[in-house]
Amino acid sequence: MELNKLEFKLMNNPVRRWLQKNIEFKAFNEFLNKHNITLEGKAILDAGCGSGYSTNLIHQTYAPSELLGIDLMPSQISRAKINYPHINFEVGNVLQTNLPPGKFDAIFVFGILHHIPDWRQAVTELHRVLKPGGVCLIEDLNKDTSHFFATYLKLDHPPEAYFSWEQFTDSLEATGFTILNQKRIFTNGIGSFLCLKSS
Ligand SMILES: C[S@@+](CC[C@H](N)C(=O)[O-])C[C@H]1O[C@@H](n2cnc3c(N)ncnc32)[C@H](O)[C@@H]1O
């Protein structure tokens, strides 16, 4: 899987990094603070880490005991390894990570599920590798926003991964997550979720 040229540029530039730090990561931290959840010294996975910017934010913020960034794109993982040599990165697929069950206290997922036709299987796999009582922080696009970007910017967003928020939250809950907090921005088109592995 490769991002097309435009999406690659959209994901690898200073504006994207600013948004990720000051909007998306900030929203996750507000969720965690509100629920008195601390990730300091915990085991954390950054699923679909791209070139590793978010993984480094996680490293700087929580000093995790264990931190792994995975992404399907070998070129992004090569870039991540060069940018952040102090962090562990691997090429990996969130549909089948081959990681042990219950390995992580927390998983961050920044904007990847709208790329994955079988996004429900990705949710199931992330749930599997999370410890009971662990949290998954997900930021993603709903069907209208994903379709909008696919139509007007010609990004490769598979129609099978167009989901409404209702379908998305139903799937999280059916998998065994309890949604502790959620918010929407960009006229309801981008959602952030704090999910607890309750079963
Ligand atoms: C829109 S980019 C987001 C990258 C990064 N998380 C960010 O927010 O800047 C989507 C990323 O998901 C990755 N991806 C797509 N399908 C994946 C899969 N099945 N397993 C792991 N990563 C995947 C792509 O390689 C790409 O880096």
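We count ligands from 1, going down the list as the structure has it; atoms in each ligand are counted the same way.
Contacts between V94 and ligand 1 below 4.0 angstrom, taking non-hydrogen atoms only, involve backbone and side chain alike. When heavy-atom distances to ligand 1 are checked against a 4.0 Å cut-off, Q20 comes that close only through its side chain, counted from C-beta outward.
Remark: the T97 side chain and the E125 side chain contain an N/O donor-acceptor pair separated by less than 3.5 Å. With 3.5 Å as the limit, one finds no donor-acceptor pair spanning the side chains of D46 and Y53. For E166 and S164, the side-chain atoms include no donor-acceptor pair closer than 3.5 Å. For the residue pair T175/H127, the side-chain donor-acceptor check at 3.5 Å is not satisfied.
Considering backbone and side-chain N/O atoms, C49 never comes within less than 3.5 Å of an N/O atom of ligand 1. By the 3.5 Å distance cut-off applied to N or O atoms, D71 is counted among the residues near ligand 1. For N93, a nitrogen or oxygen atom sits less than 3.5 Å from a nitrogen or oxygen atom of ligand 1, counting backbone and side chain alike. Remark: ligand 1 and R16 share an N or O pair separated by less than 3.5 Å (distance only, no angle test). Considering backbone and side-chain atoms together, I112 places no N or O closer than 3.5 Å to any N or O of ligand 1. Ligand 1 has no N or O atom lying under 3.5 Å from any N or O atom of H115, backbone or side chain.
Looking at every heavy atom in both residues, I112 comes nearest to D140 through N-OD2, 3.3 Å.
Remark: A122 engages V94, L95, L113, I116 in a side-chain contact (heavy atoms from CB on, under 4.5 Å) (not counting sequence neighbours).
The heavy atom nearest to atom 10 (C) of ligand 1, considering only G111, S51, P74, G48, is found in G111. When the heavy-atom distances from atom 22 (N) of ligand 1 to N12, L72, T97, L95 are ranked, the shortest goes to L72.
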Indicate every side-chain donor-acceptor pair of residues 80-91 with a distance under 3.5 Å to a residue at least two apart or in another chain.
residue	atom	partner	partner atom	Å
N83	ND2	R79	O	3.4
H86	NE2	N56	OD1	3.0

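Atoms of ligand 1 lying under 4.0 Å from any heavy atom of M73, numbered from 1 in the order shown and given with element: 25 (O). If you number the atoms of ligand 1 from 1 as listed, the ones under 4.0 Å from a heavy atom of I116 come out as 16 (N), 17 (C), 18 (C), 19 (N).
For F110 and F28, the ring centers are positioned less than 6.0 Å apart.
Residue contact annotation: G92 has a non-hydrogen atom under 4.0 Å from ligand 1.
Under 4.0 Å is where a charged nitrogen must lie from a carboxylate oxygen, and between K42 and E66 no such pair does.
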